Amino acid sequence: MFLFITRRLFFALLLLFAVSVVTYLLFSALPVDPAALTCGKNCKPELIAANRVRLGYDKPLVEQYWLFLKGIFVGRDYGMGQAAFSCPAPSLGYSFSQHECVTTLIGKTFPVTAFLSIGAFILWMFIGVGSGAIAALNKGKWQDRLANAFTAIGVSLPTFYVGLLVLFSVVIWLGILPFPHYESPLEDPVKFLNAMILPWITLAVLSAASYTRLTRNGMLEAMNEDFVRLGVAKGLTRRVVLRKYVMRSAMVPIVTIAGLDFAALLGGAIITESVFSLPGMGKLSIRAVVESDLPVLVGTTMVAAVFIVLANVIVDISYGFLDPRVREK
């Protein structure tokens, strides 16, 4: 198992390096001058040239990438003399439009996205796996038909529509909750819950629909396997067969999709954060696109890539525990 984990971690590091190279090259190939984006429309050529030197855009592309990669581990200095400033490690660049290090901006917005992702993930796994299991154990009955209807509706509705519908119904029409305004849970837990409960429900309902169908189909397929029939023939109780054989087999594809979905949310739930005005990484990314803030775009893209790669590693390791045959590969 140790060699299995070590091998997966090694390939994950190689993949992250490749992603960093491709991401940096793609944004560097854009037909814009990054130095010209560091000031307003009335920016003088002299200031553009000074900013180009200050941010290192005057250097060859390979050297620029090396400075970017080096900054992740040891930090990075910009400019010279009294105008010099630095971004501590891990440095992902400097945003001239927001006058802050990219890592600082991500550090301010990431907790919001993390709270949103964790709460929605727990809720949709509970609803999706639970309703899928109930549907599988009651195949053909009203519970199964209700779960299928929920799945059909959930996978058909877009995120922004559900978010606006929930916001209008609960806040404006019924007046059950005040209009969401995010506050840190350490400062005001009540406002924090008021701001997060509707986004949690929006993401949970949409994602739980897919997990309901996946769990139902996985359990029904596992129930027809020979090893399940063998467990029943050996006299094992229904609860033991479901827990030890059926659910363990059905969880393999669920773990795969759950890990990637959770990583994608951590990379920035752009639509949900925009609908509910949450100051997370998704909103930061949208602002970076509007303002053509290339350092922030590179930084948020890299952070999202890191989460997706790490999710793949965790999924692979989880496979090793759920299915011992995977460890030999």
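Counting from 1, the numbers follow the sequence of the chain as shown. From a predicted model like this one, the values you see are computed outputs, not experimental measurements.
- Linking ILVMFWY side-chain heavy atoms closer than 4.5 Å, directly or via other members, places L26 and V298 in two distinct hydrophobic clusters.
- Nearest heavy atom pair, residue T113 against residue L266, reads CG2-O, 3.6 Å.
- The backbone N or O of L92 lies less than 3.5 Å from a partner atom in the side chain of T103, making a donor-acceptor pair.
- Nearest heavy-atom pair across G259 and A311 is O-CB, 3.3 Å.
- Judged by distance alone, with hydrogens and angles left aside, the side-chain atoms of N224 form a donor-acceptor pair with the main-chain N or O of L220 at under 3.5 Å.
- Under the 3.5 Å distance criterion, the side-chain polar atoms of E183 are left unmatched by any main-chain donor or acceptor of F192.
- Applying the ring pair (Phe, Tyr, Trp, His ring centres under 6.0 Å) test to Y57 and every residue at least two apart in sequence or in another chain returns nothing.
- Rounding to the nearest 0.5 Å gives a distance of 8.0 Å between CG of L105 and CZ of R287.
- Cluster annotation: V166 is connected to I176 through the hydrophobic network of ILVMFWY side chains, with a link wherever side-chain heavy atoms come within less than 4.5 Å.
- Heavy atoms of other residues, nucleotides or ligands lying less than 6.0 angstrom from CD of E221 number 12 at most.
- Residues L14 and V309 do not share a hydrophobic cluster, defined by chaining ILVMFWY side chains whose heavy atoms lie under 4.5 Å apart.
- Inter-residue side-chain proximity for L137 and Q143 is flagged as unmet; no heavy-atom pair is nearer than 4.5 Å.
- Taking the six-membered ring where the residue is Trp, F168 and W173 present parallel rings, their angle staying beneath 30° rather than reaching 60°.
- Note on ring orientation: taking the six-membered ring where Trp is involved, the planes of Y65 and F17 are perpendicular (angle over 60°, cut-offs 30° and 60°).
- In this structure, NZ on K70 lies 10.0 Å from CD on E63, to the nearest 0.5 angstrom.
- In this structure the side chain of L193 reaches within 4.5 angstrom of the side chain of W200, judged on heavy atoms.
- Taking the side chain as every heavy atom from C-beta outward, M302 and I106 never approach each other to under 4.5 Å.
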* To do: Would you check, one step at a time, whether the test side-chain contact (heavy atoms from CB on, under 4.5 Å) holds for L284 with Q98?
  => CA-CA 11 Å; L284 177 66; Q98 302 188 49; 3.8 Å; yes
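- Within the structure, disulfide (SG to SG under 2.5 Å) pairs that include any residue of residues 90-201 comprise C87-C101 (at least two apart or interchain).
- For Y182 and F276, the ring centers sit 6.0 Å or farther from each other.
- Checked by atom type and distance alone, the side chain of T300 pairs as donor or acceptor with a backbone atom of L297 at under 3.5 Å.
- The aromatic rings of Y78 and Y94 lie tilted to each other, with the angle between the two planes from 30° to 60°.
- Between F96 and F85, the ring planes are perpendicular. Angles over 60° get that label, and only those under 30° would be called parallel.
- Y24 has its side chain within reach of L61: a pair of non-hydrogen atoms, C-beta onward, lies under 4.5 Å apart.
- Under a 3.5 Å cut-off, the side chain of S274 and the backbone N or O of I270 do form a donor-acceptor pair.
- With values rounded to the nearest 0.5 angstrom, S210 atom OG is found 11.5 Å from I254 atom CD1.
- When side chains are defined from C-beta on, V171 counts as touching L198, because their heavy atoms get closer than 4.5 Å.
- Shortest non-hydrogen contact noted between P199 and L116 is CB-CD1, 3.5 Å.
- In terms of modelled atom types and a separation under 3.5 Å, the side chain of T215 and the main chain of A133 share no donor-acceptor contact.
- Minimum heavy-atom separation, M219 to A136: CB-CB, 3.8 Å.
- Judged by distance alone, the side chain of Q64 and the main-chain N or O of K59 form a donor-acceptor pair under 3.5 Å.
- Taking 4.5 Å as the limit, some side-chain heavy atom of M196 sits within range of a side-chain heavy atom of L278.
- Linking Ile, Leu, Val, Met, Phe, Trp and Tyr residues whenever their side-chain heavy atoms come within less than 4.5 Å places W124 and F160 in a single cluster.
- Side-chain heavy atoms closer than 4.5 Å link hydrophobic residues (I, L, V, M, F, W, Y) into clusters, and following such links, even through other members, never connects V306 to V22.
- I134 is listed as a side-chain neighbour of N138, based on a closest heavy-atom distance under 4.5 Å.
- With hydrogens and angles disregarded, no donor-acceptor distance shorter than 3.5 Å links the side chain of D293 to the backbone of V289.
- L167 has its side chain out of reach of I172: every pair of non-hydrogen atoms, C-beta onward, lies at least 4.5 Å apart.
- Considering all non-hydrogen atoms of both residues, A89 and V74 come closest at CB-C, 3.6 Å.
- A donor-acceptor pair shorter than 3.5 Å can be found between the side chains of S131 and T212.
- Of all the heavy atoms in S95 and V296, the pair that sits closest is CB-CG2, 3.7 Å.
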* Asked: What's the verdict on ring pair (Phe, Tyr, Trp, His ring centres under 6.0 Å) for F307 and F262, showing C-alpha distance, side-chain angles and the deciding distance?
  -> CA-CA 9 Å; F307 285 125; F262 182 65; 8.3 Å; no
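- The only member of T151, I257, V129 that meets side-chain contact (heavy atoms from CB on, under 4.5 Å) when paired with L214 is I257.
- For the pair S277 (side chain) and E273 (backbone), a donor-acceptor distance under 3.5 Å is absent.
- Atom CD1 of I201 is separated from atom CD1 of I197 by 4.5 Å, given to the nearest 0.5 angstrom.
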